[in-house]
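Structure first, commentary second.
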Amino acid sequence: MPAGMAFLAAITSVVYYHNIETSNFPKLLIALLFYWTLAFITKTIKFVKFCDNDVGFSQLRFCLTGLLVILYGMLLAVEINVIRVRRYVFFKTPKEVKPPEDLQDLGVRFLQPFVNLLSKGTYWWMNTFIKTAHKKPIDLKTIGKLPIAMRALTNYILLNEAFEAQKSKRSSFPQGSGSIWRALCCAFGRPLLLSSTFRILADLLGFAGPLCISGIVHNVGKGNNTIRPQTKILGVFFISSQEFLSNAYVLAVLLFFALLLQRTFLQASYYVAIETGINLRGAIQTKIYNKIMQLSTSNMSMGEMTAGQICNLVAIDTNQLMWFFFLCPNLWAMPVQIIVGVLLLYYLLGISALIGAAVIIVLAPVQYFVATKLSQAQRSTLEYSNERLKKTNEMLRGIKLLKLYAWEHIFHSSVEETRQKEMTSLKAFALYTSVSIFMNAAIPIAAVLITFVVHAHLTRNADFSPSVAFASISLFHILVSPLFLLSSVVRSTVKALVSVQKLSEFLSSEEIGEEHDKSSELRSADNHSKYQAVPLKVVNRKRPAREDWNNYSSHMRRPINITEADDFCVKITNGFFTWTPEGPPALSNIDIRIPQGQLTMIVGQVGCGKSSLLLATLGEMQKISGNIFWSSSPSDSETGEDVSPEKESSVDTEFRKRGSVAYASQKPWLLNATVEENITFESPFNKQRYKAVIDACSLQPDIDILPHGDQTQIGERGINLSGGQRQRISVARALYQQTNVVFLDDPFSALDIHLSDHLMQEGILKMLREDKRTIVLVTHKLQYLPHADWIIAMKDGYIQREGTLKDIQKSETELFEHWKTLMNRQDQELEKETIIERKSVLERTNLRRTMYSREALLKDDDDDEEEATESDDEDNLSSVLHQRAKMPWRACGKYLSSAGILLLPLLVLSQLLKHTVMVAIDYCLARWTSDAIAGKTELEPRNCSTCEDFNHSPYSKVFSILCCLGIVLCLVTSIAVEWTGLKVTKKLHSSLLNKIILAPMRFFETTPLGSILNRFSADCNTIDQHIPATLECLSRSTLLCVSALAVISYVTPMFLIALVPLAIMCYFIQKYFRVASRDLQQLDDSTQLPLLSHFSETVEGLTTIRAFRYEAKFRQKLLEYTDSNNIASLFLTAANRWLEVRMEYIGACVVLIAAVTSITNSLYNKLSSGLVGLGLTYALMVSNYLNWMVRNLADMEIQLGAVKRINGLLKTEAENYEGLLSPSQIPQNWPDRGEIQIQNLSVRYDSNLKPVLKHVNAHISPGQKIGICGRTGSGKSSFSLAFFRMVDTFEGRIIIDGIDIAKLPLQTLRSRLSIILQDPILFSGTIRFNLDPEKKCTDSMLWEALEIAQLKHVVKALPGGLDAIVTEGGENFSQGQRQLFCLARAFVRKTSIFIMDEATASIDMATENILQKVVMTAFADRTVVTIAHRVHTILNADLVIVMKRGLILEYDKPEVLLEQEDSVFASFVQADK
């Protein structure tokens, strides 16, 4: 009765307290205060009475009363403290307590820090979240914002304070890796201590399992004495603690509670460690980003710090540190676990235990060796896979060229060759993985075998009872896990040390304007240095000089005359600038001024330092000496640039004072965002201005072609746009900004003449100059010089001349004449009419994502919608809910069936056999120990010294054979799994590559490149490395759980009844968890992408961001990306903990039920104690493996998505490569004459699209030169593609030299014609490989082709000549040179038909004129079809074809067409003048 009342009182007080909390009425706390006070007093009186009557620790009641006194005392103390601090009762003014700031913000959904202790421990608050996840997909909106304490900014501030503290302590060496470690520990050490405490508690509680099993089996063997109270004191019967604990049922309940507590502590430890790791990652990423913002540009350009290294620092090293912090508690928890485990084994088994433990400990270094080999194999696999991806990427980017030249097989075999190397290291990886899996499984078997055989045979009279045997087995299982973890913890520690080393190098790398300025400030304060270096400071005439800057500013302003300062925007005096502090000056003796509100042009030869001058003005170069003055412009005060004195005195004075400059760099820099966002670039949207900018940059036609207009996402680095479009979007951004100063670095380089003129007139002159903006324009187009108000001519890093055009004409007549000859096309002031007329004839944009009709695009929208989300079909989360809860069994079937007919049965059979043998080993042990005990009890009564001892040898032989068989089967299963993985991965990759390379061109135009590449990268990697391991883990944990449940059911069939509700619970938990886990996993991955691309974007556009003064905006963006990635990671962690806590509680229930049923069965049905031990050992295993099973099931489901997606691509229809004619029917030198007959030709891009060429008829005689012109989208390119059967010819035919091309095999047809595309495509490799990958030509033929293409001198000057290296995409050559290489490539082929598709678009006019002549002479006897970009290039053609909307409008000799006044061709020529 008292016990029942006490239980009721406890429950009531908890409910009562909860209600006080929710109703926020703390005055009711006084009732609890009285209750705790009374309870404490009564228990203390009772305890004192026990002490007086000599009741000691041996009595259970005494212990319990003592515990309750302590507990009530603590509760009372807490209560008094709450009242004291919060002043709820007994005080007049209670303290007002507001809920945490986070909870007032409804956006915070992550409640772990705010819920009560029970909910924290069991993740109860996650229930509603996981339920809703089952109803609708999880997105960033669902998971809400991060709590303030976990945000990147909060943690960054914490980390930065720790860094600063370290710096001030050790000012002599500011940033070694040691100080970084100290700062990390200082900022994030406390939660790690908490996590380690939880971990050690959990590990100690873990030993309750083996000890309770030992007790239960021992007591059951004795017949489980029921509790009979012996002692009577004060008229009450007392039970001794020993008697109480020798009851099997009591032990079973204690085991249950120990398990519950142990699992709760363990999960709490994991959670705290991971949360700390995530917070740390966010802080370090922010720290790295802030450092990037201050990085000196020369670090980037001189290759000291590449963008790749920085991205690796963010993507890999921060994660290494996060994982290290997660595994950190193991470092001190593992030794404790190992020591306690070995001591307990020694206590149970004596000396033989040490032999078994020695086996495990000796094999630990072997484990470590295997683990290091594994990571080496992984590294080499990664290198090969990167090489393969690079080749695949090049192949896919140049796929159009490869198909047109019939070179697919060359690149296919090149990728396959790299894949073979990758497979070799994958085999090593698979081998070491299987050894690792084998050792994990075999070491405990070997240890148990050696221990028991030694124990039975060596130690006479040894206690070989089931209680000892099964407790030892459980202990061995506990011991093995820390030793396996050891290898990964050591590896993780080594990686973390390396990462911190890298981080410290990065953080100590040079910052912009840092070292030099500090020293110069100090010197200039007291004397004139030889360079007269002073802090860079703006002359601000509107405000008086500030007091604290007097000593500097007086010094600085002396050389400047105020009236002179009136009309300049920027002025550099006596400037020497360099890229590297040690290097020679890149710019010397710079004395320039850039007039305010005028157009300044900077001209000069390639490489004379024009771009460097812009960057030096922006403060991006290292200043050796000289001054840069920015005049204060109205914009300074408008943009709120008015800076406080304290800030002004910081190092980057010049930056503070320079306002925002709209800068368009030479290499266009684009954000991974929509076209509109790229142009507005964080500025407010103004429709009128936006329209004007789009028009000035002629972007409307391009925007019309894009799938979603200006809302189309531009891929990373603008990969889905052509060079010209990237350039114009970059210029449009500069035009759109409302800044007073605009710097344009060679904005015309990738544009044709019309687009350049239009941009010059409408954009630069109209929008900027008329607005009185200060414009600095770097250009090669000398015809625009008359527009310039001020010209700066540069030569070899110094200023050759500056002034107006008239000044230069007078003083530098030679230079002026030189310019005049270069302006071979006189620039007339273009009348408005011609502009209006030209608008309609705007030459085509560079977008070669083939011109399908608008309807086709609308049709494609459906496909694109899916890809736009993340260019991955798996990210289209709005699929049917039913689908989301289903396992992808079909993909699983596909994966396993790819393994082949032999491996699959081997895989299944070996797994089943292995687990059967495992159960047999334990069953054999149960029989052996039971019989040994029975034998002993029979022998004891006789007590005769002559009697033989129990004979162990037959048992030990069977046991040894079974153990050895088990070890062999472990090896077989681990090898079978990895072998299956290898076979599948080889098969899937080669089928995928074969399918993709033979797919029609239409497939590449409608499928984003990123999407295809993802199949080859991420998905192949998943299939290569992750699926085999997950499959092994899943099958092992599932079969262990099944075999364990089978054993328990065999021992006590009663257990099956209780199993049903538990199984139902398990099913629902895993069903809900799998859906939520998959969504969160995808969210975690998808939030990581924008974060990483933001880093790489920032690194690439550093100069632009700093010029615009947008550092703060980009930092803000970074914080948002980091927080959204961190909240996804935190929710994923919480979801995993939610599952594990529930699964482990179910496991604990299984143990309790198994224990109770087997004890009952043993007492009443005489079940042998060996079998009881067997059942309990297996029940403990269930609790360990249940959550592994569900976690692996969820992982497997996500990973099988990769198989599913690759499978989707394998269904692609291939092009029809077979022809009707056999090779023998085709003449060897066809086509030898080059006669082309086109009869009633109609062409479309796909069978369900409108035709792009309609009923075209033409006849081209051998050797004729044909020019084709027409507006954008008129079908000119489709005309050229029809010759190669790249498009669907559904009517009519093309006959070349008497053979209908439709009958030819594709390979033959494409290899006998030549084409030069508009976009130059070069592959990485040598120049020789680029010109002749088939290795058919001699060197002299290659040199001849290079000579024709005006490249001989360029290549001769390169180291290696023909074997000089071409980097990826030909980046080490200019756009024009790349185009010339493509011409040379076509010349090498020496075919009689030669097609040029706008091939001279990016070549300067002088070179183009030479080329035109060369083509006419070198190809006098060949048929040349030119698709014209500039109409004047086809004036010398024999025939001109003018096209419009897929029809031929005009078809005649050019001179005939020019004489007709109303001819379209004549109007084109007129417009091109």
Side-chain angles (χ1 to χ4, degrees), residues 297-298 530-534 536 539 559-561 564-565 567-580 583-631 654 658 661 663 665-666 741-747 774-782 784-820 822-823 1103 1107:
T297 325
S298 60
K530 73 170 174 188
Y531 285 125
Q532 193 160 32
V534 278
L536 299 161
V539 183
I560 294 185
N561 176 341
E564 184 194 281
D567 58 349
F568 74 81
C569 165
V570 187
K571 178 172 179 177
I572 301 181
T573 54
N574 190 26
F576 285 80
F577 300 93
T578 175
W579 284 114
T580 51
L587 299 173
S588 37
N589 224 349
I590 303 291
D591 272 295
I592 57 162
R593 60 193 196 88
I594 291 169
Q596 185 95 41
Q598 295 187 330
L599 168 57
T600 304
M601 285 195 194
I602 303 179
V603 291
Q605 287 177 323
V606 175
C608 67
K610 301 186 295 297
S611 299
S612 302
L613 183 62
L614 285 190
L615 292 173
T617 317
L618 290 171
E620 291 289 334
M621 286 180 78
Q622 307 258 344
K623 179 158 67 70
I624 302 174
S625 69
N627 303 319
I628 304 175
F629 304 103
W630 285 80
S631 89
E654 166 216 12
R658 169 174 72 68
V661 173
Y663 168 66
S665 56
Q666 191 172 11
V741 187
V742 182
F743 280 13
L744 302 173
D745 192 351
D746 204 359
T774 306
I775 313 145
V776 180
L777 171 70
V778 170
T779 185
H780 287 281
K781 305 243 168 168
L782 299 178
Y784 298 137
L785 283 177
H787 295 299
D789 301 311
W790 192 254
I791 296 167
I792 298 173
M794 291 195 72
K795 189 175 184 183
D796 304 331
Y798 66 89
I799 305 294
Q800 190 179 0
R801 188 83 181 86
E802 72 166 330
T804 62
L805 192 58
K806 278 188 181 151
D807 294 348
I808 293 173
Q809 190 174 353
K810 281 179 199 157
S811 57
E812 297 267 352
T813 40
E814 203 176 304
L815 178 65
F816 185 75
E817 285 307 313
H818 175 60
W819 282 353
K820 217 167 164 185
L822 286 174
M823 293 186 221
T1103 45

Task: CA sep, side-chain torsions, deciding dist, call: W790, L599, side-chain contact (heavy atoms from CB on, under 4.5 Å) - done: CA-CA 6 Å; W790 192 254; L599 168 57; over 6 Å; no
Task: I592 vs L613, side-chain contact (heavy atoms from CB on, under 4.5 Å): CA-CA, chis, key distance, verdict - done: CA-CA 10 Å; I592 57 162; L613 183 62; 4.1 Å; yes
- [ ] Please step through side-chain contact (heavy atoms from CB on, under 4.5 Å) for the pair I799 and D591, ending with a clear verdict.
- [x] CA-CA 8 Å; I799 305 294; D591 272 295; over 6 Å; no
TODO: Please test V776 against V570 for side-chain contact (heavy atoms from CB on, under 4.5 Å), starting from the C-alpha separation and ending with a verdict.
DONE: CA-CA 10 Å; V776 180; V570 187; over 6 Å; no
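The minimum heavy-atom distance linking G803 with I808 is given by the pair O-CD1, 4.3 Å. The heavy-atom pair separating G604 from K610 by the smallest distance is O-NZ, 3.2 Å. Listed here is the closest heavy atom pair of G609 and L587: O-CD2, 3.7 Å. Between Y798 and S588, the closest heavy-atom pair is CB-O, 3.5 Å. C569 approaches V741 most closely through the heavy-atom pair SG-CG2, 3.7 Å.
Put simply, the side chain of T774 does not reach to within 4.5 Å of the side chain of V742, judged on heavy atoms. Contact check for P595 versus D789: no side-chain heavy atoms found under the 4.5 Å cut-off. Within the 4.5 Å cutoff, no side-chain heavy atoms of F577 are placed close to those of L615. Side-chain contact between L614 and I602: present, with at least one pair of heavy atoms (C-beta onward) separated by less than 4.5 Å. In this structure, E802 and T600 have side chains that are not in contact, with every pair of non-hydrogen atoms separated by 4.5 Å or more.
Between the side chains of Q666 and S611, at least one donor-acceptor pair of N or O atoms lies under 3.5 Å.
To the nearest 0.5 Å, atom NZ of residue K571 and atom CZ of residue F629 are 7.5 Å apart. K623 contributes atom NZ, which lies 13.5 Å from atom CD1 of I590 (distance to the nearest 0.5 angstrom). To the nearest 0.5 angstrom, I572 atom CD1 is 12.0 Å from N589 atom CG. Residue H787 holds its NE2 atom at 11.0 Å from CG of L805, rounded to the nearest 0.5 Å. With values rounded to the nearest 0.5 angstrom, L782 atom CG is found 9.5 Å from M601 atom CE. The CZ atom of R593 sits 13.0 Å away from atom OG1 of T573, with the distance rounded to the nearest 0.5 Å.
Taking the six-membered ring for Trp and thresholds of 30 and 60 degrees, F743 and W630 have nearly parallel ring planes, at less than 30 degrees apart.
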